[in-house]
Amino acid sequence: MQRLTSWLAASLVLGLTGTAAAADNTHENHFATIQVDGKKIGQVHYTLTYDGEGQIESLKTNASYSVLGFEVYHFSQDLTERWQTGELQTMDGHTNDDGTKYQASIERKPDQYAGVLNGKDLTLPHDAFPNSVWHYQITEQSLLFNLTDLRLMNVKVSKRPESVKIGRKSIDAERFDFTGDWQASLWFDQDQQLLKLEYKIDGRDVLVTLDQP
């Protein structure tokens with residue numbers, strides 16, 4: 001079975017850097033449901049901390065799930081990100097992708113990101129943006145990096161209006177289709193909050209949907 005790291009880096013690695021919708025909030029908890037082929041397999045929980053200007057200054061993510069079928073597939077991930085004025089400053093993360101482990105960290109330096117993946121040093125350019133699907137600014141990027149394995153990915157993005165149905169509610173949204181080294185479709189509402197992610201890998205239909213409060 002092909003590993004699901006690519007889409008999990010999209011759907012489970014959450015990195016928001018934009019202005020908070022409610023600047024007076026200092027902490028927010030969010031949940032999202034993960035489905036594969038129409039069956040719920042897990043949930044994402046993430047906590048955001050805002051500064052006094054309503055900018056996100058830290059993000060902690062925890063996600064785990066299992067796929068039952070011809071094989072049993074397990075995934076777990078813990079990430080801590082710190083941001084300042086809309087720019088990622090540091091990230092530390094541990095991922096267990098069905099027994100394959102990734103220990104990754106990055107730190108923003110004056111000219112580039114200094115990274116470490118499983119004990120090996122690497123660098124990333126400042127114009128590379130984390131593939132953080134929960135951040136609207138991802139829709140404006142042409143170069144991404146995977147927060148699980150720090151791999152660079154060239155992408156193209158197209159958009160069109162399209163409503164999203166969550167539960168019984170239909171929400172006006174924008175759909176963004178990513179092609180190239182990373183392929184996915186994202187839907188954001190008028191407040192630039194991600195509502196839904198769709199992805200296909202290894203013949204499986206993946207759907208991640210924001211849970212309603």
Side-chain angles (χ1 to χ4, degrees), residues 4-25 27-50 54-56 58-65 67 75 77 79 81 83 86 88 129-142 144 146-148 153 155-180 182-201 204-213:
L4 306 184
T5 303
S6 297
W7 71 264
L8 282 163
S11 62
L12 303 181
V13 180
L14 314 177
L16 297 168
T17 63
T19 301
D24 58 340
N25 289 341
H27 297 279
E28 282 187 2
N29 286 296
H30 294 273
F31 297 88
T33 296
I34 309 166
Q35 293 180 310
V36 172
D37 294 337
K39 297 180 180 180
K40 181 177 178 179
I41 62 168
Q43 191 174 57
V44 183
H45 172 222
Y46 63 102
T47 302
L48 296 165
T49 302
Y50 300 112
Q55 295 283 333
I56 291 170
S58 71
L59 171 63
K60 294 185 178 180
T61 307
N62 179 267
S64 64
Y65 74 92
V67 178
F75 179 95
Q77 187 170 67
L79 292 170
E81 303 169 30
W83 299 79
L88 181 64
F129 191 84
N131 62 331
S132 303
V133 299
W134 299 78
H135 183 7
Y136 186 82
Q137 193 174 333
I138 193 176
T139 66
E140 303 167 351
Q141 310 302 317
S142 59
L144 304 176
N146 187 321
L147 279 171
T148 297
M153 302 177 291
V155 296
K156 293 183 178 179
V157 186
S158 61
K159 73 173 182 177
R160 67 177 187 267
E162 185 174 288
S163 61
V164 172
K165 188 173 183 180
I166 298 181
R168 298 181 179 180
K169 187 177 181 180
S170 181
I171 303 172
D172 292 336
E174 287 183 308
R175 171 176 175 162
F176 295 87
D177 294 311
F178 289 73
T179 56
W182 186 68
Q183 299 182 22
S185 295
L186 314 179
W187 285 258
F188 286 87
D189 67 14
Q190 295 178 343
D191 294 323
Q192 300 184 349
Q193 181 181 47
L194 183 71
L195 299 172
K196 184 172 74 168
L197 160 70
E198 284 188 357
Y199 203 93
K200 183 183 288 288
I201 192 167
R204 296 178 183 271
D205 293 313
V206 180
L207 174 65
V208 181
T209 308
L210 183 71
D211 290 356
Q212 293 298 291

**Asked** Of the non-hydrogen atoms in Thr139 and Tyr136, which two are nearest, and what is the gap between them?
**Response** OG1-O, 2.7 Å
**Prompt:** Is the shortest heavy-atom distance from the side chain of Ile138 to the side chain of Phe178 under 4.5 Å?
**Reply:** yes
**Message:** When you measure from the side chain of Asp189 to the backbone of Asp191, do you find a donor-acceptor pair of N or O atoms at a distance under 3.5 Å?
**Reply:** yes
**Prompt:** How about Lys196 and Ile166: do any of their side-chain heavy atoms sit closer than 4.5 Å?
**Reply:** no
**Request:** Kindly write out the residues that satisfy side-chain contact (heavy atoms from CB on, under 4.5 Å) with Gln190, not counting sequence neighbours, or none if the list is empty.
**Result:** Asp172
**Prompt:** Which residues satisfy the salt bridge (charged side-chain N to carboxylate O under 4.0 Å, His left out) test with Lys159, sequence neighbours excluded?
**Reply:** Glu174
**Request:** Return the minimal non-hydrogen interatomic distance between Glu81 and Leu147, and the atom names on each side.
**Result:** OE2-CD1, 3.8 Å
**Item:** Gap separating the NZ atom of Lys165 from the CH2 atom of Trp187, nearest 0.5 angstrom
**Value:** 15.5 Å
**Request:** Work out which heavy atom in Trp182 is nearest to a heavy atom in Val133; give both atom names and the distance.
**Result:** CH2-CG1, 3.7 Å
**Fill in**
Closest non-hydrogen atoms of Leu144 and Pro130, given as atom of the first, atom of the second and distance, are CD2-O, 4.4 Å
**Asked** Any idea how Phe129 and Trp83 line up, ring-wise: parallel (<30°), tilted (30 to 60°), or perpendicular (>60°)?
**Response** tilted
**Request:** First locate atom CD1 of Ile171, then atom CZ of Phe188, and finally report the distance between them rounded to the nearest 0.5 Å.
**Result:** 13.5 Å
**Residue list, side chain to side chain donor-acceptor pair (under 3.5 Å) with Ser185, at least two apart or on another chain** = Arg175, Asp177
**Message:** Once rounded to the nearest 0.5 Å, what's the spacing between atom CG of Leu195 and atom CD of Glu162?
**Reply:** 11.5 Å
